[in-house]
Amino acid sequence: MAVEVAVVDPLPIFRHGAAGILTEAGHVVRTPRDVLTWARRTPEALILLTVLSDTDWTVLGRLTDEPIRHPVIAVVDAGMETLGVRAVRSGARSVILRQSGAAALIRAVVATLDGQSVLPASVTAALAAGRAAGPASAAAVTEQQISWLRALAAGSTVADLAGRSGYSERAMFRLLRGVYRELQAGSRVEALIRAKELGWL
């Protein structure tokens, strides 16, 4: 019996592109709207799931809690090693970057179907170092800096933060970059994910 591959991504162009690549490689590809219902009806399947939003993380968690656990390849943005680590810890078997080419996608699907895991080197290094459970430098983040992260998570702009904190907007950007570095995060999104993992948000 052929193993089906579900491609789940919010962007039709990515979804159809990945589906086309995998179909051309000989896989039976589906693009279900409700992947949880589809997975329950399709016992022999692999799921390629892009994780960008809280809803995507919820879906990943629910997929890995199902009685029939399908192998999941999580698709994350480049530079987001924290998301890759989080995906593995949430039950994904493999992780690929959203910017990956056709050969990398096919390689990940074939290896995952064969019971192996495929991970970017940065994700493997972060897992080996035990990162993303809470970096050691997180202790250096002050209550004020945590309040800035909470404000950003709630939708405040850097200009809003600067005005409330008494800094220029440029200085606020510089201060926030320092907080991101303390959290070993490469961007605001990654820093907010770390903050959430640490229970600050």
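Because only heavy atoms are used, hydrogens play no part in the values below, and waters and symmetry mates are left out as well, while side chains stay in. Positions are given from 1, in the same order as the sequence printed here. A quick note: this is a predicted structure, and the numbers were derived from the prediction, not measured.
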Work out which heavy atom in [X] is nearest to a heavy atom in [Y]; give both atom names and the distance.
X	Y	answer
Pro71	Thr112	CB-CG2, 3.8 Å
Leu63	Val72	CD1-CG2, 4.3 Å
Val76	Gly84	CG1-N, 4.2 Å
Trp148	Ser165	NE1-OG, 3.3 Å
Val28	Arg30	CG1-NH2, 3.5 Å
Arg69	Gly91	NH2-O, 3.7 Å

Working to the nearest 0.5 angstrom, can you tell me the gap between [X] [atom1] and [Y] [atom2]?
X	Y	atom1	atom2	value
Tyr180	Gln145	OH	CD	11.0 Å
Leu175	Leu161	CG	CG	10.5 Å
Ser94	Leu46	OG	CG	8.0 Å
Leu192	Leu201	CG	CG	6.0 Å
Asp160	Leu152	CG	CG	9.5 Å
Leu149	Arg194	CG	CZ	12.0 Å

Donor-acceptor check, side chain of [X] to backbone of [Y], threshold 3.5 angstrom: yes or no?
X	Y	value
Thr64	Gly61	yes
Asp114	Ala111	no
Arg15	Val7	no
Ser147	Gln144	yes

Next item on the list: Please tell me if the side chains of Val110 and Gln116 come closer than 4.5 Å, counting only heavy atoms from C-beta onward.
Entry: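 Of all side-chain heavy-atom pairs linking Gln116 with Val110, none is under 4.5 Å.
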
Notebook entry, point to check: Quick one: are Thr50 and Leu11 in side-chain contact, heavy atoms under 4.5 Å?
Noted result: no

Note to self: Hydrophobic clustering (ILVMFWY, side-chain heavy atoms < 4.5 Å, transitive) - are Ile73 and Leu113 grouped together?
What the structure shows: yes

Notebook entry, point to check: Is Ile21 linked to Val118 within one hydrophobic cluster, defined over Ile, Leu, Val, Met, Phe, Trp and Tyr using a side-chain heavy-atom separation of less than 4.5 Å?
Noted result: no

Notebook entry, point to check: Looking at Val51, Leu83, Leu97, Leu52, which one forms a side-chain contact (heavy atoms from CB on, under 4.5 Å) with Asp77?
Noted result: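 So the option named by the test is Leu52.
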
Item checked: Arg164 and Ser156 side chains, donor-acceptor separation under 3.5 Å ->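 Ser156 vs Arg164: donor-acceptor pair found between side chains.
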
Check: Who passes salt bridge (Lys or Arg N to Asp or Glu O under 4.0 Å) against Asp9, sequence neighbours left out?
Finding: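 Per chain and number, Asp9 pairs via salt bridge (Lys or Arg N to Asp or Glu O under 4.0 Å) with Arg98.
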
Next item on the list: Evaluate whether atom CZ of Arg150 has more than 12 neighbouring non-hydrogen atoms of other residues, nucleotides or ligands under 6.0 angstrom away.
Entry: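 Enclosed.
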
Notebook entry, point to check: Can you list the steps and then say if Val59 with Val8 is a side-chain contact (heavy atoms from CB on, under 4.5 Å)?
Noted result: CA-CA 10 Å; Val59 168; Val8 183; 6.0 Å; no

Next item on the list: Report the relative orientation of the aromatic rings in Trp38 and His70; use parallel for angles under 30°, tilted for 30 to 60°, perpendicular for over 60°.
Entry: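 Tilted: the ring planes of Trp38 and His70 meet at 30° to 60°.
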
